[in-house]
Amino acid sequence: TPIKSSAASDVYKRQAKAAVEELGRMGVECAMISGDNRAAAERTAAEVSIRKVYAPVLPARKLEIISSAQREGRKVCMIGDGVNDAPALAQADSSIAVASLKNDIAIESAQISVAGSDLAAVPYAVDLSRATMRTIKANIIFSVSLNLASVVLAFFGMINPVAGALIHNASSVCVVLNSARLLGRKPAWLR
């Protein structure tokens, strides 16, 4: 019935608005690229706090918009849910398919699929990926530094080979433990 459809649309727009606002706090700029007519796209964008709108846009133009942003040095994440989005999802640096419509082409083209239509998963994915990259960099710096120090100490005879092997294995264990902190990570706005 129309009432349920409107209610579902309102819930979806509230979730989208919350996701866009959280992404803004994270320093991520959002834009809407839509095949809808300009007035409808701008109205929807205003309801979810998106300032930049490209509409009406065909799939080839979506690809051009993403490629242009990439040539400017921007990292682009495309979020889409339809067949029209598949080329843009494939072109983007990272891509998320909203799997609520069960569109296999969009899901196959994207790197991440969001089950259902809860867009809160998008800022969570950004937060988790940033935390993962920080963890990877910290692990590399820590393990390389510790292993280099043990090689230097072994070279000057300050530690024996067994101690060097223990230091190496201890650094591996520390890297695994540091990485395990990502398990069960909650979104930043829920902590």
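Counting from 1, the numbers follow the sequence of the chain as shown. Given the structure is predicted, the values throughout are model-derived calculations rather than measurements.
Here the straight-line distance linking atom CZ of Phe142 with atom OG of Ser171 works out to 6.0 Å at 0.5 Å rounding. Note: Gln91 CD to Ser109 OG = 12.0 Å, rounded to the nearest 0.5 Å. Here the CG atom belonging to Asn160 is positioned 8.5 Å from the CG atom belonging to Leu166, to the nearest 0.5 angstrom.
At least one side-chain heavy atom of Leu23 sits under 4.5 Å from a side-chain heavy atom of Val126. The closest side-chain heavy-atom distance from Gln111 to Ile96 is not below 4.5 Å. Here the side chains of Met133 and Arg130 are not in contact, with every heavy-atom distance at 4.5 Å or above.
The heavy-atom pair separating Ala39 from Asn37 by the smallest distance is N-OD1, 3.1 Å. Summarising the geometry of Ala110 relative to Ser95, their closest heavy-atom pair is CA-OG, 3.2 Å, with the distance given to 0.1 Å. The two residues Pro123 and Met26 come nearest to each other via the heavy atoms O-CE, 3.5 Å. Closest of all the heavy-atom pairs between Ala92 and Ile66 is CA-CG2, 4.0 Å. The two residues Leu89 and Met78 have their closest heavy-atom pair at CD2-O, 3.4 Å.
Among residues two or more places apart in sequence or in another chain, the side-chain contact (heavy atoms from CB on, under 4.5 Å) test is passed with Asn178 by Thr135, Ala138, Asn139, Arg181. In this structure Arg38 satisfies the salt bridge (Lys or Arg N to Asp or Glu O under 4.0 Å) test together with Glu42, sequence neighbours excluded. With sequence neighbours excluded, the residues that form a side-chain contact (heavy atoms from CB on, under 4.5 Å) with Phe156 are Val152, Met158. By the side-chain contact (heavy atoms from CB on, under 4.5 Å) test, Ser172 is found to be paired with His168, residues two or more places apart in sequence or in another chain being considered. Every side-chain contact (heavy atoms from CB on, under 4.5 Å) that Thr132 has, sequence neighbours left out, goes to Leu128, Ile136, Leu182.
Both Val98 and Val122 are part of a single hydrophobic cluster, where members link through side-chain heavy atoms under 4.5 Å apart. Taken together through direct or relayed side-chain contacts under 4.5 Å among Ile, Leu, Val, Met, Phe, Trp and Tyr, Leu148 and Val175 form parts of separate hydrophobic clusters. A continuous path of hydrophobic side-chain contacts links Leu153 to Leu146 [ILVMFWY only; heavy atoms under 4.5 Å]. Linking Ile, Leu, Val, Met, Phe, Trp and Tyr residues whenever their side-chain heavy atoms come within less than 4.5 Å leaves Leu119 and Val20 in two separate clusters. Val151 and Ile159 are assigned to two separate hydrophobic clusters, defined by single-linkage of ILVMFWY side chains at heavy-atom distances under 4.5 Å.
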Exercise answer: donor-acceptor pairs, residues 46-55 side-chain atoms, under 3.5 Å, sequence neighbours excluded:
{"unit_1": "Glu47", "atom_1": "OE1", "unit_2": "Lys13", "atom_2": "NZ", "d": "2.7"}
{"unit_1": "Ser49", "atom_1": "OG", "unit_2": "Glu21", "atom_2": "OE2", "d": "3.4"}
{"unit_1": "Lys52", "atom_1": "NZ", "unit_2": "Glu29", "atom_2": "OE2", "d": "3.3"}

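Checking side-chain atoms of Ser68 against main-chain N and O of Ile65 turns up no donor-acceptor pair under 3.5 Å.
Residue pairs satisfying the salt bridge (charged side-chain N to carboxylate O under 4.0 Å, His left out) criterion with at least one member in residues 83-93, sequence neighbours excluded, are listed as follows: Lys62-Asp85.
In Arg74, the CZ atom is not crowded: 12 or fewer heavy atoms of neighbouring residues, nucleotides or ligands sit closer than 6.0 Å.
When hydrophobic residues (I, L, V, M, F, W, Y) are linked wherever their side-chain heavy atoms come within less than 4.5 Å, Val176 remains an isolated member.
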